[in-house]
Each structure stands twice: as structure tokens, then as C-alpha cells.
Amino acid sequence: MSGREYVDQTGPVRPLHIALVAPPYFEVPPKGYGGTEAVVADLADALVKRGHRVSLLAAGEPSTAAEYIRLWDRPQSERLGEPYPEIMHALKTRRAIERLMEVDRVDVIHEHTFAGPLNAAVYRALGVPTVVTMHGPIDEDLYPYYRELGNDIGLIAISDRQRELAPDLNWIGRVHNSLRVDEWPFNPDKGDYALFLGRYAPYKGAHLALDAAHAAGIPLVLAAKCDEPAEKEYFDEYVRPRLRSTDHVFGQADANDKRKLLANARCLLFPIQWEEPFGMVMIEAMACGTPVVALRGGAVPEVVADGVTGFVCDSVDELPDAIHNVGALDPAACRRHVAAHFGFGQFGSGYEDIYRVVAGQVSRHQPIKMRRIVSPNSSERASA
């Protein structure tokens, strides 16, 4: 048996050729902010490690094991939120995939962008299915968008809660995000500060993190993105007036700074005010042995083991006591939880199961079936 073959109960299974489409705003993986790009980078490497061929369509310099198709010379970070780069990226992607398919077979196109799924009907006419990972919430704008796309695409949830909120969309599976745990430093000896890490937005709750830290009598380090006008406005109105001399506004953390801040923090504060679809920073913190103190919402109860790897609070009034109590939690249990439930190997196999199902449907000229759920423990998984 070749090292590039996988065997299931029916015999050898050939490797797939997957086209991964990343957004145009940050490099893959990102040097700083860019949760989606970090997920795409890990997925590309996981799939290559499992023996598949991966073509990654993205912006900037290549930094993964995948074959790289550069769509932009540099990331369009400064134009995040504008319509032009999103639409132009979708057009560049379609042309690049058409050129790729002129010389090679593509089994699945995996979209991680907003406008890219509009190309799905074109790809389907060429005999290739499109799957889309939902990295954000299904809000009042996105719900009708994905509903109208219908069976042209298969939606992949990153949490069970995300799928529950819009059960009539064409969900074909759920795969939790993951980490390469060994790339995150473990530190059982914590510093005397709490950490807020992410971006400044009302629904992320930096102002609530400050209130909770002050009530608990612990300094807060804020390492957050503050580039866009809305982020600056929120910071000036809700964060700046709350700052005390004990707090530290770190700025946006790069990959190295993020690891140091997470590993040394007493806890990560995650006082979200929305239906968080996953929350990568929670598993990043736990991988470093740092517990998470969060408000219940979205995927938080799926990610944090309440009372073991952190505390899931039902109100802001519970946050200060939870901060005081994190010292009783075992940092090693936090890291074990991530390795057991959000590990790199599970990530690649979960997506592989879904790819094989949808590629088989298209080869038989069937629509992508509605809510055909493939779980990480499915008996259909091909094993190495």
C-alpha cells in the first residue's frame, strides 16, 4: 500500500485534490490578527499530512505545506470591510480555479470567504462541489444569503450551537476548529493579570472585562485589534474611560506575543455579548494551561469544560468570583482538554469525511444533501 493511500472497509481510497480559498485580508497563517486565516493554514497542513493534494488560493506570501496560488501580491488588510476586495477576490478565485481545472482534476472547493460561494453554480457545472465553512454567526443578513444559495453549497458548522440557530440551512457537517497543541507554550506558573485578547467591539465585551477585573482586584492586559473606525470609536467611548493605572493596553499582539501573554495570564476573560460561533482564543488559552472565564453564549459551553478548564458564567456579576477561583483549576487539565477535543489530527479527518461524501454525491450527479451530518466519530472515516 502506498503511503499516500488510505484504507477503509471497502478498500483503498485515493487522495483528494482540495482547493482551499482563504479571504484576501491577511496572510495564511496570519502574522497577527486573522482567526480564519489561522484555521485555513492549519487545515491545509493537516490535509497535506493526511496525503491529500491541496491548492491554497490566498493573498501574500506562502507559508503552508499546500501548493500556493497567489491571488494578490499583498494582503488587503487596510480594505477590510470594503466591498471591492471581496468581490474582486471571488472573481480572481473563479478564474484561477477554471485555469487549474483545465490541466488537473479538482475534487472539492472549500470556501472560507463571503462572496466566493456565489461561484458555486459555475463550479457545479464543471462537476465540482463547493463546501463553505461558516466562520461567523448566522445573522439577519447572512441567513437569507445562505438560504438563497440553497443546495449549490454545503455548509460546515464550527460548533453545534451555530447549526442549531439556523437548522433549515444546508448543513452537511460540523468540525470544531483545532490547534497544534505542541506549538503553544505550556506554563503552570501564572502571572498576576487577566487577559482580554481579540478586537475592540461591543459584542466582544472588553468593557465588561475591565469591570470584572477591577471588581476582582486584578490588573487587566488588553491585547486587541483597534484599526477600523468602529473599533476606535468603541475603544474611545467604552474602554478608555474605564482604564486604571493598573491596566495595560498592549495593542495588537503578533503570534509570539500572543503566546507569551496567554501562557503567563492568570486567566483569559471572554465576556461575549453575542452568539460566538467558536472562539479560537479560548482553545489557544487552554492549550497554554490558562483557564477561561467566559459568559455563556454561542459555542462557549462546547469549548470550555465548566469547573475544569474555566468557568462559564450566566451573568456579569459572576465574573469576579470566577476570576478569584481560577487558581484552583489545574493548568495541565486545560491543555489535556484541548488535545483531546480540539486536536490537529481530528481536524483533518473531520473535513476529509465531509469531502468524500460531497465528492461522491457530485460524481453521481446528486445535489449536496441537506443536513447530511458527518460526525468526527463517523464509521465512514478513512483511517491511516
Side-chain angles (χ1 to χ4, degrees), residues 18-25 35-36 39-40 43 57 80-91 93-94 97 107-177 201 203 272-279 297-300 302 350-351 353-362 364-375 378:
I18 304 115
L20 291 182
V21 185
Y25 303 111
T36 298
V39 170
V40 173
L43 178 56
L57 295 84
L80 180 64
E82 296 180 16
Y84 175 78
E86 188 71 38
I87 300 301
M88 191 63 197
H89 189 64
L91 180 57
T93 297
R94 191 177 85 191
I97 287 179
D107 294 291
V108 179
I109 295 158
H110 188 172
E111 271 284 354
H112 298 265
T113 73
F114 173 66
L118 294 171
N119 291 325
V122 175
Y123 302 146
R124 191 162 197 77
L126 297 172
V128 183
T130 301
V131 298
V132 181
T133 293
M134 288 299 305
H135 293 281
I138 307 294
D139 59 22
E140 60 185 9
D141 291 327
L142 291 180
Y143 173 74
Y145 175 68
Y146 290 108
R147 185 185 60 202
E148 291 300 320
L149 283 167
N151 288 342
D152 284 349
I153 61 170
L155 292 174
I156 302 171
I158 56 176
S159 66
D160 293 330
R161 177 61 177 168
Q162 184 186 49
R163 192 170 58 195
E164 290 169 1
L165 292 172
D168 57 327
L169 295 182
N170 192 34
W171 300 108
I172 58 170
R174 185 273 292 155
V175 182
H176 282 143
N177 289 334
Y203 57 87
I272 55 164
Q273 298 292 288
W274 71 325
E275 289 284 350
E276 174 65 57
F278 185 78
V300 167
E302 290 179 55
Y351 274 110
D353 287 340
I354 293 171
Y355 296 152
R356 292 201 182 279
V357 170
V358 298
Q361 289 173 7
V362 168
R364 296 189 298 272
H365 305 287
Q366 299 175 4
I368 298 178
K369 293 180 181 178
M370 188 171 185
R371 294 192 293 277
R372 172 64 168 86
I373 304 303
V374 180
S375 71
S378 170

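In this structure, M134 and I158 have side chains that are not in contact, with every pair of non-hydrogen atoms separated by 4.5 Å or more. You'll find the side chain of V358 reaches within 4.5 Å of the side chain of I172, heavy atoms only. Counting heavy atoms from C-beta outward, L118 and L149 have side chains that approach closer than 4.5 Å. Inter-residue side-chain proximity for V131 and Y355 is flagged as met; some heavy-atom pair is nearer than 4.5 Å. Side-chain contact between H110 and V40 is absent, with no heavy-atom pair separated by less than 4.5 Å.
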Checklist entry - Would V39 and F278 count as a side-chain contact (heavy atoms from CB on, under 4.5 Å) if you check the C-alpha gap in whole Å, the side-chain angles of each, and the deciding distance to 0.1 Å? => result CA-CA 12 Å; V39 170; F278 185 78; over 6 Å; no
Checklist entry - Checking salt bridge (Lys or Arg N to Asp or Glu O under 4.0 Å) for the pair D160/R174: CA distance, chi angles, key distance, verdict? => result CA-CA 7 Å; D160 293 330; R174 185 273 292 155; 3.0 Å; yes
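We find the CG-CD1 distance between L126 and I97 to be 9.5 Å, quoted to the nearest 0.5 Å. Note: L20 CG to I109 CD1 = 11.0 Å, rounded to the nearest 0.5 Å. One distance of note links CZ of R163 with CD1 of I138; it measures 12.0 Å at 0.5 Å rounding. With values rounded to the nearest 0.5 angstrom, I156 atom CD1 is found 4.0 Å from I354 atom CD1.
For residues 125-167, every residue pair satisfying the ring pair (Phe, Tyr, Trp, His ring centres under 6.0 Å) rule, not counting sequence neighbours, is listed here: H112-H135, F114-Y145.
At distances below 3.5 Å, at least one donor-acceptor pair connects side-chain atoms of N170 with backbone N or O atoms of I153. In terms of modelled atom types and a separation under 3.5 Å, the side chain of T113 and the main chain of P23 share no donor-acceptor contact. Between the side chain of E86 and the backbone N or O of A115 there is at least one donor-acceptor pair closer than 3.5 Å. N119 places a side-chain N or O within donor-acceptor distance of the main-chain N or O of A90, the cut-off being under 3.5 Å. The closest donor-acceptor contact from the side chain of W171 to the backbone of A166 lies under 3.5 Å.
Between W274 and Y203, the ring planes are tilted. Angles from 30° to 60° get that label.
Nearest heavy-atom pair, E82 versus Y25, reported as atom, atom and distance to 0.1 Å: O-OH, 4.0 Å. Taking each heavy atom of Q162 and P277 in turn, the nearest pair found is NE2-CB, 3.6 Å. Closest heavy-atom contact between A299 and S159: CB-CB, 3.5 Å. Summarising the geometry of L57 relative to A19, their closest heavy-atom pair is CD1-CB, 4.2 Å, with the distance given to 0.1 Å. Heavy atoms only, all atoms of each residue included: P85 and P24 are closest at O-CG, 4.1 Å.
Salt-bridge formation is not detected for the pair R124/D152: no Lys NZ or Arg NE/NH1/NH2 atom is positioned less than 4.0 Å from an Asp or Glu carboxylate oxygen.
With sequence neighbours left out, the salt bridge (charged side-chain N to carboxylate O under 4.0 Å, His left out) criterion links E302 to no other residue. Partners of E148 under the side chain to side chain contact (heavy atoms under 4.5 Å, CB included) rule, at least two apart in sequence or in another chain, do not exist in this structure.
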